[in-house]
Amino acid sequence: MVHRLILDTDVAMGAPGSDIDDGFAMALTVDVTDQQLELVTTVNGNIDVDTSTALALHLLDRLGRPDIPVVRGAARPLRRPLHDHPARDRVADVREHLTPLKPAPGRAATAIVDLVCANPGEITIVAIGPLTNVALALALEPDVATAVKEIIIMGGAFLRTTSMLAMPGEFNIWIDPEAAAIVLNSGAPLRFLGLDVTLQVELNRADADRLTATGRPFASYAGQCAHAWIDYLREAYPGREFCTAPMHDPLAVAVVSKPGLVTWRPARVEVEICSDITRGVTVADLLTSRNPPEPNCMVATEVDSVAFIEFFLNHVYSL
Ligand code: RIB
Ligand code: CA
């Protein structure tokens with residue numbers, strides 16, 4: 001069975017010191033034979049949306065898939081002020097070094113509504129950035145909630161916290177918690193992969209060296225970006241002694257084809273949008289009480305990290 005996909009992303013791969021996992025997720029979905037990527041929509045998150053759009057176009061070109069349309073999405077969260085993008089000073093001029101490629105016309109929310117509602121029950125949205133575009137699409141056309149096949153989201157933390165007062169919620173949720181609340185209350189079929197499982201799937205420097213050594217158009221470039229990102233993580237979070245790069249977003253892509261990579265549990269999830277102290281914290285009721293609340297999603301609670309990294313690298317090495 002072919003999975004028809006929209007990838008909603010805050011891709012930043014290529015901007016030194018910015019997160020790389022969206023770029024790897026894009027590469028994986030392009031290469032997995034039972035996934036058909038039909039639309040990429042970009043959103044403000046890891047980097048500003050215009051740079052993300054330019055990088056998305058550049059990466060699809062490097063992957064040999066310039067035919068896949070990229071539509072620019074939200075430049076800012078629904079309500080929250082714009083946040084400082086990681087390593088902003090180092091990425092300011094990244095677009096100057098890219099061949100200018102044009103995105104498809106229009107805006108992400110309408111492109112999502114049009115594709116999902118024209119193909120009821122057919123389209124899966126894989127959301128790997130803040131949920132601003134997905135929320136706007138659901139607000140623009142509530143029928144998206146019943147027309148979409150499902151929405152798979154890299155976001156949240158359900159069995160743990162971030163242990164950071166500066167960002168109490170997982171990044172994608174923390175950036176736009178109001179958008180996450182709209183999605184959680186939309187009635188759409190939702191599956192979440194939170195930090196509980198995504199921090200267990202990691203790319204190490206030896207993997208990055210092997211990628212670089214391939215000399216392949218994407219893999220060698222991605223290997224260099226991986227080293228730069230691990231360097232950035234070590235500098236930005238010295239107390240966490242990073243020596244790998246978590247592959248948050250590629251796991252969300254992988255479970256489209258291999259849902260058994262993780263253990264799923266039904267849950268009732270709510271998100272904090274009032275207090276700044278707990279902004280973006282996702283609270284998951286795992287329905288263990290005598291009168292549990294109605295579930296509104298599935299959350300991943302465990303992952304086979306060895307099986308994932310083998311699946312992931314086997315695809316990416318050849319790109
Ligand atoms: O918390 C991890 C998420 O935030 C990933 O999607 C990463 O790309 C960043 O957007
Ligand atoms: Ca992302």
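Computed over heavy atoms, backbone and side chain alike; hydrogens, waters and symmetry mates excluded. Since the model is a prediction, treat every value here as computed from it, not as a measurement. Remember, it's 1-based here, ligands and their atoms both numbered in the order they're listed. All residue numbers refer to positions in the sequence shown, counting from 1.
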J.: With under 30° as parallel and over 60° as perpendicular, where do the rings of Phe308 and Phe312 fit, or are they tilted in between?
T.: parallel
J.: Between the Ca ion (ligand 2) and Asp249, which N, O or S atom of the residue is the nearest one?
T.: OD2
J.: Is it true that Val256 and Leu190 fall in one hydrophobic cluster, defined by side-chain heavy atoms closer than 4.5 Å?
T.: no
J.: Counting backbone and side-chain atoms alike, is an N, O or S atom of Asp19 positioned under 3.0 Å from the Ca ion (ligand 2)?
T.: no
J.: Only heavy atoms of Glu170, strictly under 4.0 Å: list the atoms of ligand 1 that pass.
T.: 1 (O), 2 (C), 3 (C), 4 (O)
J.: Is the shortest N/O to N/O distance between Ile128 and ligand 1 below 3.5 Å?
T.: yes
J.: What atoms of ligand 1 come closer than 4.0 angstrom to any heavy atom of Met154?
T.: 2 (C), 3 (C), 5 (C), 6 (O)
J.: Quick test of your reading of the structure: of Thr198, Leu193, Ile47, Asn46, whose heavy atom lies closest to atom 9 (C) of ligand 1?
T.: Asn46
J.: With a 4.0 Å cut-off, would you call Arg205 and Asp231 a salt bridge?
T.: yes
J.: Any ion pair linking Arg279 and Asp276 (charged N to carboxylate O, less than 4.0 Å)?
T.: no
J.: Report the part of Asp249 (side chain from C-beta onward, or backbone N, CA, C, O) that has a heavy atom under 4.0 Å from ligand 1; answer both or neither where that applies.
T.: side chain
J.: Before accepting this row, confirm whether a basic side-chain N of the pair Asp50/Arg72 lies closer than 4.0 Å to the acidic partner's carboxylate O.
T.: yes
J.: How is the N/O/S atom of Asp10 that comes nearest to the Ca ion (ligand 2) named?
T.: OD1
J.: Which atoms from ligand 1 have a heavy atom of Asp22 less than 4.0 Å away?
T.: 8 (O)
J.: Is the distance between the ring centroids of His58 and Tyr221 under 6.0 Å?
T.: yes
J.: At a threshold of 3.0 Å, where the distance has to be below it, does the Ca ion (ligand 2) have an N, O or S atom of Ile128 nearby?
T.: yes
J.: Atoms of ligand 1 less than 4.0 Å from Asp21 heavy atoms?
T.: 5 (C), 6 (O), 7 (C), 8 (O)
J.: Is the NZ atom of Lys149 crowded by more than 12 outside heavy atoms at less than 6.0 Å?
T.: yes
J.: Quick one: do Arg268 and Glu294 make a salt bridge, cutoff under 4.0 Å?
T.: no
